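Only one structure is covered here, and it is reproduced in the block below.
Not measured: the values here are computed from a predicted model.
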Amino acid sequence: MLLSRLDVSAEVLKLCLLISVPVAAVALMLAALFIYRILDDRRQIAESEQRFRRAMEDSAIGIAIVGLDGCIQETNPAFAAMLGYSKEEIEALTFFQITHPDDVQIGRETMDGMRAGTVNAFHFEKRYLKKDGTPVWAHLAGSVIRDEKSGRPLYLVSQIENIDARKQSEARIAEAETRWNFALASAGQGVWDLDMRKGGTTYSATWVKMLGYADGELDGDPDRWLTMIHPDDRENVAEADRAHLEGRTPFFEAEFRMRHKDGHWVWILDRGKTLERDTEGRLIRAIGSLTDITQRKQTEESLIVSAAALADEKERLRVTLQSIGDAVICTDAANRITFMNPIAEKLTGIPGAEALGKTLGHVYWAVDEETGQRIGMTRPALGGSSPADQNSRAVLIRRDDTRCSIRQVVSPIMNDRQEFCGLVIVFQDFTDARALQRQLAYAAAHDTLTGLANRSSFIRTMEELVDQSRKAGAAKPAGEHHFMFIDLDHFKLVNDTGGHAAGDALLKRVAEAIRGALGPKDIVARLGGDEFAVILKSGSSAGARIAARSIIDAVRSLQFNWEGRPHAIDASIGLAPIHAGSGEVDEIIARADAACYAAKAAGRGCVSVAPDDNGSSGQAEPPLAAAS
C-alpha cells in the first residue's frame, strides 16, 4: 500500500529487495551465534560445577560451604567422616553446634568481620566436637564469597585439616619439658644454653635465681658470666674452657666461685658440652648445667681443717658428717674403715656396723667409668704434700654387682707431725648428671627423628676415612670404602598429601629399611630432609652396587600407608669410591650427589656411579624393575 502511494520505480524497488535479503540473513546468523554462546556458557558452567563437586568429593581434606547464618550448606565426605557424621547429618547442623564451646567466639568474630567487610580470607585453629562429643583439633583456611556487583557477602568456603595428632604430640612434648624443667629445678640444677645464631646465652630461672637475679636479666652477652667469676678462679676456668673448645676434653667441667648479686660468693659446679660447630670448627651451640655446691665446698673445707685435729675433734666431726648430704667413709692408716655416715651406707648397700673394722676394698670398690680400672686410694709420700684427689668419672660397684656413678673426693688425714693417719672419702650419686651428659653427647651425634648419625658426626667419620686412605697410599684397592648419596623419590607427594607427620613416619621406616639392608659395620646417616648417606666400610665396586640395589629394593617394598592411603616411593642413589686419590670429603660428596641426579634423570629408582679419576663419565644403571 505504501509503495502504491509512492512514486517508486522498479529499479529502486529491486535495489531495496537486494539490500533487505542480506540484512535479514545477517540478523539470523547473529541470533544463531547468540544462542550458541548461551548454550556454550551453560555447558562450561555445568562442567565447572561438576569439577568442583568432584574435587569436594575426592578431597582428603574437609571442605564446607557455610552460610551467613552459620548453617552448613554443603560439605564433603572427608569433613563428615572427620567428625563421625554422615553428610546428610552434618548439613542439617550449624557450625556453632559442632564447635567446642571455648572456640565458638573465634567463629563469631570471623562472621562479624565478613559482614563488616574487613574479612575476606581467614585461617586459624580451633576444636570441633565429634558426634560422640569428643573434641578434635582442626586448622581452618578459607575465603568469603561476595556478590560481584554489590560486594555483599554470600557465603564462605572453608578447608578443614585434622591436626589433632599434632596437637596431642605438642601437648606431650610440653608436658615432658615441664617435667624435665621441674626435675632440674627440684635438684637445684640451673641450665644455660649458648646459641650464637640467636645472639648469645640464655639461662634457666633456677640458674639466675641461684645468683640473685631476675629471670632473663643475664641473657644475651655470651662472655658476661666470665666477668662474674672470682679472680682467683678465672684462669682455671678459662683453661678448662679452651681445652674443651680445642677438643682436648669431651666436655667442659669446672668448679669456681661466682659473685652473687648482693656481693657474696657462691661456689658453682659447671658442666657443659659443645653440640654444634661451623665448618671452620668455631662454636655455634653449647649447653650445660650449673649446680650450687657452696654447701659441699664448705663441708670439704671443714673436713680438711678438722682432719688436722682428728684425735681431739673426732666426736664433733662424727656429728657433722652424720648430718651432711654427701656420703662419707673414713679409714685409719691401715685402710680399715672407722666411720660411715647413713648416706654412705645407702649408696654402698652395707650397714655401718658391718663395715667397721673391715678393709676399704670390702665395702668401697670404685673403678674408672671409661677404662674399668680400679681407682686406687694412694697415701701421700713421706714428708710430701697431701692434696685432695678428686675424680668425676668414678663408678661404685656394690656387692650385688649393681653400679652407681659417683663423684668422689679422697683426702688424706695428716696429723700435726705430717704423719698419715687415714683417708676421708666423700662421694655423691652422680648417676642422673652423667646420664644427662650422655644424652647431650648422643643428641650431638644423632638425628633426632631417625636415630641415625647426623650430618656433623657423619662428616667427621668421612674425614677420618679419607685421612686413613691417604695415609695408606694409592696402593690400597680403590674400592675399599664407598660413599652413597641416597635421595628419596616421590617423598614430597607424601608430605603434601599426608602432612609432616606422614613424612616423619615414612623417614623412620626408610631409615630402618636402609639400616637393615646393610652390614653391621656400615655407617648410615640422615643428612637432612629426605637425603640419606651411607659409608660402606669394605667391599668391591660390584659389591657396592649390589648393596645399593638392596637399599632400593628395601625402600621400594616398604608398603607405606597413611590414613588408609598407600604411598609408593623409590630411592635414587649416587655411588662414589673413597680412596687415596678421591680428594677432600666435600669433593666425594659432590661427585656422589651429581651421580644421584644422574640416577634421577635416568628414570629414578636406580644407581649411578660417579666418574672415576680418569674423568670418564659415570653411568646410571637401569631401574631395578627393568634390570631384574
Would you call [X] and [Y] a salt bridge, taking side-chain N to carboxylate O under 4.0 Å as the test?
| X | Y | answer |
| --- | --- | --- |
| E276 | R455 | no |
| R224 | E217 | no |
| R556 | D570 | yes |
| R565 | E563 | no |
| R470 | D467 | yes |
| E253 | K273 | no |
| D504 | K508 | no |

To the nearest 0.5 Å, how far apart are [atom1] in [X] and [atom2] in [Y]?
| X | Y | atom1 | atom2 | value |
| --- | --- | --- | --- | --- |
| I552 | C606 | CD1 | SG | 6.5 Å |
| D270 | S289 | CG | OG | 7.0 Å |
| S582 | H481 | OG | NE2 | 10.0 Å |
| H139 | D164 | NE2 | CG | 14.5 Å |
| L194 | W192 | CG | CH2 | 6.5 Å |
| T291 | L269 | OG1 | CG | 5.0 Å |

What pairs with [X] under side-chain hydrogen bond (donor to acceptor under 3.5 Å, both in side chains), at least two apart in sequence or on another chain?
| X | value |
| --- | --- |
| E235 | R242 |
| T202 | none |
| N495 | none |
| K126 | T99 |

Backbone N or O of [Y] within a donor-acceptor pair of the [X] side chain at under 3.5 Å?
| X | Y | value |
| --- | --- | --- |
| N76 | F79 | yes |
| D219 | Y203 | yes |
| R545 | A548 | no |
| R277 | L245 | yes |
| D278 | G281 | yes |
| D195 | D193 | no |
| D530 | D487 | no |
| E587 | E584 | yes |
| S405 | F430 | no |
| R509 | L558 | yes |

Answer with yes or no whether the side chains of [Y] and [X] bring together a donor and an acceptor at under 3.5 Å.
| X | Y | answer |
| --- | --- | --- |
| D489 | S572 | yes |
| N454 | S457 | yes |
| N162 | W137 | no |

Under 4.5 Å between any side-chain heavy atoms of [X] and [Y], yes or no?
| X | Y | answer |
| --- | --- | --- |
| V237 | W225 | yes |
| V524 | F458 | no |
| R127 | V136 | no |
| M462 | I589 | yes |
| I397 | V367 | yes |
| V191 | T206 | no |
| L507 | F491 | yes |
| M228 | L211 | yes |

So which atom in [X] and which in [Y] form the shortest heavy-atom distance, rounded to 0.1 Å?
| X | Y | answer |
| --- | --- | --- |
| S608 | A595 | CB-O, 3.0 Å |
| W562 | G498 | NE1-O, 3.4 Å |
| P566 | G564 | CD-O, 3.8 Å |
| D215 | V208 | CA-CG2, 3.8 Å |
| P577 | I588 | O-CG2, 4.2 Å |
| D429 | I406 | CA-CG2, 4.5 Å |

Sequence neighbours excluded, the answer for ring-ring contact (aromatic ring centres under 6.0 Å, His included) partners of H123 is none
- Query: For atom CD of E246, is the number of surrounding heavy atoms from other residues, nucleotides or ligands below 6.0 Å larger than 12?
  - Reply: yes
Is the count of non-hydrogen atoms from other residues, nucleotides or ligands lying under 6.0 Å from F122 atom CZ greater than 12?
-> yes
| Can you say whether the rings of H567 and F560 are parallel (under 30°), tilted (30 to 60°) or perpendicular (over 60°)? | tilted
- Task: Report the C-alpha separation of E239 and R234 in whole Å, then their side-chain angles, then the decisive distance to 0.1 Å, and conclude whether the salt bridge (Lys or Arg N to Asp or Glu O under 4.0 Å) test is met.
- Result: CA-CA 9 Å; E239 175 56 30; R234 286 179 188 170; over 6 Å; no
Residues at least two apart in sequence or cross-chain that pass side-chain contact (heavy atoms from CB on, under 4.5 Å) with A138, listed by chain then number, are M82, Y128, L140, I160
The residue among L575, V585, I578 that forms side-chain contact (heavy atoms from CB on, under 4.5 Å) with F483 is I578
Assess the residue pair D553 and S550 against the criterion (side-chain hydrogen bond (donor to acceptor under 3.5 Å, both in side chains)); give the C-alpha distance rounded to whole Å, side-chain angles, the decisive distance to 0.1 Å, and a yes or no.
CA-CA 5 Å; D553 277 337; S550 299; 5.8 Å; no
* Trace of the side chain to side chain contact (heavy atoms under 4.5 Å, CB included) decision for E531 with I486 -> CA-CA 6 Å; E531 295 177 350; I486 305 171; over 6 Å; no
Full working for salt bridge (Lys or Arg N to Asp or Glu O under 4.0 Å) between E125 and R166: CA-CA 12 Å; E125 295 177 357; R166 173 171 66 82; 2.9 Å; yes
